[in-house]
Protein chains: 2
Amino acid sequence: MYLEDFGKAVGHKSRAAILLALIGGKALPASELAYRAKISNQTASSHLAILEDLNMIFVRQCGRHRYYELVDHDIADAIEALASKLKLGLRDEKVSDHLRYARFCYDHLAGVLGVSITIRLLEKGVLGADTDTFKVVDSQHSVFEKLEIDLECLGRKRRLLAPKCIDWSERVPHVAGSLGAAIAVSLEKQKMIERSKEDRSVKITRKGYIFLERELNISREILNNQ
Amino acid sequence: MYLEDFGKAVGHKSRAAILLALIGGKALPASELAYRAKISNQTASSHLAILEDLNMIFVRQCGRHRYYELVDHDIADAIEALASKLKLGLRDEKVSDHLRYARFCYDHLAGVLGVSITIRLLEKGVLGADTDTFKVVDSQHSVFEKLEIDLECLGRKRRLLAPKCIDWSERVPHVAGSLGAAIAVSLEKQKMIERSKEDRSVKITRKGYIFLERELNISREILNNQ
DNA sequence: ACCATGTTTCGACAGATATCGTAGCGAAAA
DNA sequence: TTTTCGCTACGATATCTGTCGAAACATGGT
């Protein structure tokens, strides 16, 4: 991919809005993306074709439905990284406090919540920090059991286990990669967090509040900020 | 700045070429940029006006001459970071071995040379590595004296002393910031390196070869690769 | 077979963009 | 002052882009 291709992809309000929606990590249908970008379905369709040409997204056909996704998480990471480096605003996202507080960064958690989880895992000695990645120090810790995360299984994947990802709102590294994704999936599956239907923000449920306080000792002060 | 503005800036072949040229760190006149982007002076002028509007570049008036520069090094860093994350090709730069080997990344050295210098400084215990920056461990080391670098003076600047910068060709952090810049300036001033007139690559001179081998013990194998 | 639903294609149009020739401008040099 | 040089502004033009209405197209349900 060439620099100007990336530029062309994000260089239009509507396409930027579409990509920003997809950074949420959910696969979304064209009509939903049109709604989010505030354009007609036809127009969205043409933008989607452009983004597909540029190899930024692909479509997953499920019966009569077509869901669009980013081709890979590098693209999400790159956009977040860019936003943090250049102190970019993200015009079309109402940059709500919800979004700042907790959101999906493709397939893992970012914002105050993502960073807090990372920090607590480091302080508890579950994770350690390398230059560009985190590493698991205490693989026997009860967190992994509670979240039903099979580290061996994750380790066998080709994807990096726990690279650092820096987001625009906090500018502090948080856990990404297959571990970051596994944490987010598990929290969602166990109904500790709930995705917003509007955007990529998430809400901590009552159950999640208790888990995060008891198991990770995230302070109530932080948790109540939601 | 908004994401789509950055996109618009780099989203056109000619503008991308102009920015890539300016990442070299030198201030360049419009005609030179037109030549590099292979467009007429008038066309270049309009692109330059666009880039100025978008706050990517500014013009420094020197008598009858007008030199364009990037507004700050963050923009250079962001583009290099983007290139490394997305494995972007940089279409218009002949990605020559020279460029891969040693080049200016705005105001500090990147490529094999930039990385080698950084690694040797780390191995010699002159620098240490933090998460996102390097730190000076042995400020009394003779390297600083030889390069006439006044660390106290650098420390007083508002700019970060030695942040890590990751470039597209090596994908390994090298020293940027005011220290990175000071090293590059000094090497150039002492005629240990010479800038190319064509692009942002640099050549190591005979004097530089000797210095890098003697003082930093960079292996001949690496130095001969130039 | 037909319909309902969601998506893409086609066609048209307005508006933006890229390009360059020509002319004008400003600063130094003659 | 006049000339020279480089750059920008203006204007014309061709092209590209974004947009949407209408229609065509799939696919799964009725």
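A note on names: the letters A, B, ... follow the listed sequences, proteins ahead of strands, and every chain is numbered from 1.
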Among residues at least two apart in sequence or on other chains, which ones pass side chain to side chain donor-acceptor pair (under 3.5 Å) with [X]?
X: A:Lys146; value: A:Glu215
X: B:Glu194; value: none
X: A:Thr205; value: none

According to side chain to side chain donor-acceptor pair (under 3.5 Å), does anything in residues 46-55 of chain A pair up with another residue at least two apart or in another chain? List the pairs.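 Output for this query lists A:Arg15-A:His47.
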Any idea which heavy atoms bring B:Val143 and B:Leu216 closest together, and the distance?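 B:Val143 and B:Leu216 have their closest heavy atoms at CG2-CD2, 3.9 Å.
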Want to settle it: does A:Lys8 or A:Ile39 sit nearer the 5' end of DNA chain D, counting the closest nucleotide to each?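 Going by which nucleotide is closer to the 5' end, it is A:Lys8.
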Let's see if you can work this out: which of C:dT8, D:dC7, C:dT7 has an atom nearest to the side-chain heavy atoms of A:Pro29?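 Of the options given, the side chain of A:Pro29 lies nearest C:dT7.
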Would you say [X] places a side-chain N or O within less than 4.0 Å of OP1 or OP2 belonging to [N]?
X: B:Arg66; N: D:dT8; value: yes
X: A:Tyr68; N: C:dG6; value: no
X: A:His12; N: D:dT17; value: no

Separation of atom [atom1] in [X] from atom [atom2] in [N], rounded to whole Å:
X: B:Arg60; N: C:dA27; atom1: CZ; atom2: C1'; result: 19 Å
X: B:Asp53; N: D:dT8; atom1: CG; atom2: P; result: 13 Å
X: B:Glu52; N: D:dC7; atom1: CD; atom2: P; result: 14 Å
X: B:Leu33; N: D:dC7; atom1: CG; atom2: P; result: 9 Å
X: A:Glu4; N: C:dT17; atom1: CD; atom2: P; result: 18 Å
X: B:Tyr67; N: D:dT8; atom1: OH; atom2: P; result: 13 Å
X: B:Ile18; N: D:dC7; atom1: CD1; atom2: C1'; result: 14 Å
X: A:Lys38; N: D:dT19; atom1: NZ; atom2: P; result: 13 Å

Quick one, which residues of residues 41-50 of chain B touch DNA chain C with a heavy atom under 4.0 Å?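 Output list: B:Gln42, B:Thr43, B:Ser46, B:His47, B:Ile50.
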Restricting to salt bridge (charged side-chain N to carboxylate O under 4.0 Å, His left out), what partner residues turn up for B:Glu148, sequence neighbours left out?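 Residues passing salt bridge (charged side-chain N to carboxylate O under 4.0 Å, His left out) with B:Glu148: none at all.
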Do the ring planes of B:His73 and B:Tyr106 sit parallel (below 30°), tilted (30 to 60°) or perpendicular (above 60°)?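 The arrangement is tilted - the two ring planes meet at 30° to 60°.
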